[in-house]
Amino acid sequence: MDKSKLMQKIEELSMNALPALQTQIYDGWVLRFADGYTKRANSINPIYSSNEDLKKKIMNCEKVYFERNDRVVYKMTHQAKPINLESVLEESGYVLEGTTSVQVLELVETEAPNESNVMKYDHLHDDWFNDFCLLSHVTDDDQTHLKKMFENIIPKTCFMLLTDDGGTVAAGGLGVLEDEYIGLYNIFTHKNFRNRGYGAKLIRNLLHWGKENRAKNAYLQVMETNAPALCLYGKLGFEEKYTYWYRTKMKE
């Protein structure tokens, strides 16, 4: 698959893997709303052809988002449409934030990983959700929104927890499987268990679950400033295919 097709494929998969609470299609742009929880779920995704006057369209989007929130967020790639969107947003006062590496791994036949102390759930489970919110410092208000988003995932899922020999949760993550791609999301490792191989073990088990369910490729998204995660994913064979970033503007 060429780069442009792969980019659109993963952008679509990632929207399905973390569904917004509400979505609106506007002249080729996907407008997502989740009551302010995360930029990704509250962003404009300009991934399809656009025909309306660009500056008018940007102003219309600002009106919609400013009425609901304090900022407008565009999730940008090098394929954002129209092609002059990046420059127009910059001229209009939109600030660049959160450059993120999108990485892909082709899955090959390997031996089954060590599954000791691994718990798997095929739906959102309270144990997984509570541990994730605790380790990720998700506020009580945001937990309500996030739980709805997880419950609204349509593709096949695997919520996974990894414990140490004493039963303490060491790591966790989510695999979302759609169209022979497994996306890895919400990968977390308890601060007391970092640099001990738990993260790698968790990911290998998620990848193996994906392969068992006919996935041929895996993808993930990682901030370019997260050096430890980039190192881990590189050792596991993931390679960057493209980047995305945000353009944001606060309400005046």
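Hydrogens, waters and symmetry mates are skipped; everything else that's a heavy atom, side chains included, is used.
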How far does [atom1] of [X] sit from [atom2] of [Y], to the nearest 0.5 angstrom?
| X | Y | atom1 | atom2 | answer |
| --- | --- | --- | --- | --- |
| D2 | Q8 | CG | CD | 10.5 Å |
| K75 | T100 | NZ | OG1 | 8.0 Å |
| Y94 | Y74 | OH | OH | 4.5 Å |
| Y246 | L89 | OH | CG | 14.5 Å |
| R40 | Y244 | CZ | OH | 4.5 Å |
| D35 | D142 | CG | CG | 9.5 Å |

With a 6.0 Å cut-off (strictly less than), is the heavy-atom count around [atom1] of [X], excluding the residue itself, greater than 12?
| X | atom1 | answer |
| --- | --- | --- |
| D165 | CG | no |
| I154 | CD1 | no |
| R194 | CZ | yes |
| K211 | NZ | yes |

For this session: Start with the C-alpha gap between M119 and W128, add the side-chain angles, then the distance that decides, and say whether side-chain contact (heavy atoms from CB on, under 4.5 Å) holds.
Result: CA-CA 9 Å; M119 294 178 287; W128 187 96; over 6 Å; no
Exercise. Any side-chain heavy atom of P155 sitting closer than 4.5 Å to one from T157?
Worked result: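 No, every pair of side-chain atoms sits at 4.5 Å or beyond.
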Exercise. Quick one: does L96's side chain get under 4.5 Å of R247's, heavy atoms only?
Worked result: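 The answer is yes; the side chains approach within 4.5 Å.
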For this session: Give the ring-plane orientation class for W29 versus Y26, where under 30° counts as parallel, over 60° as perpendicular and anything between as tilted.
Result: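 The arrangement is perpendicular - the two ring planes meet at more than 60°.
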Problem set entry | side-chain contact (heavy atoms from CB on, under 4.5 Å), paired with Y233, selected from L220, L184, L105 |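 The side-chain contact (heavy atoms from CB on, under 4.5 Å) with Y233 is passed solely by L220 among L220, L184, L105.
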Exercise. Checking side-chain contact (heavy atoms from CB on, under 4.5 Å) for the pair F159/F132: CA distance, chi angles, key distance, verdict?
Worked result: CA-CA 10 Å; F159 294 84; F132 173 74; over 6 Å; no
For this session: Following the transitive rule for hydrophobic clusters with a side-chain heavy-atom cut-off under 4.5 Å over Ile, Leu, Val, Met, Phe, Trp and Tyr, establish whether L202 and L232 coincide in one cluster.
Result: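 L202 clusters together with L232.
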Problem set entry | Check ion pair D126-K147 (N to O, under 4.0 angstrom) |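 Looking at K147 together with D126, the answer is yes, because their closest N to O distance falls below 4.0 Å.
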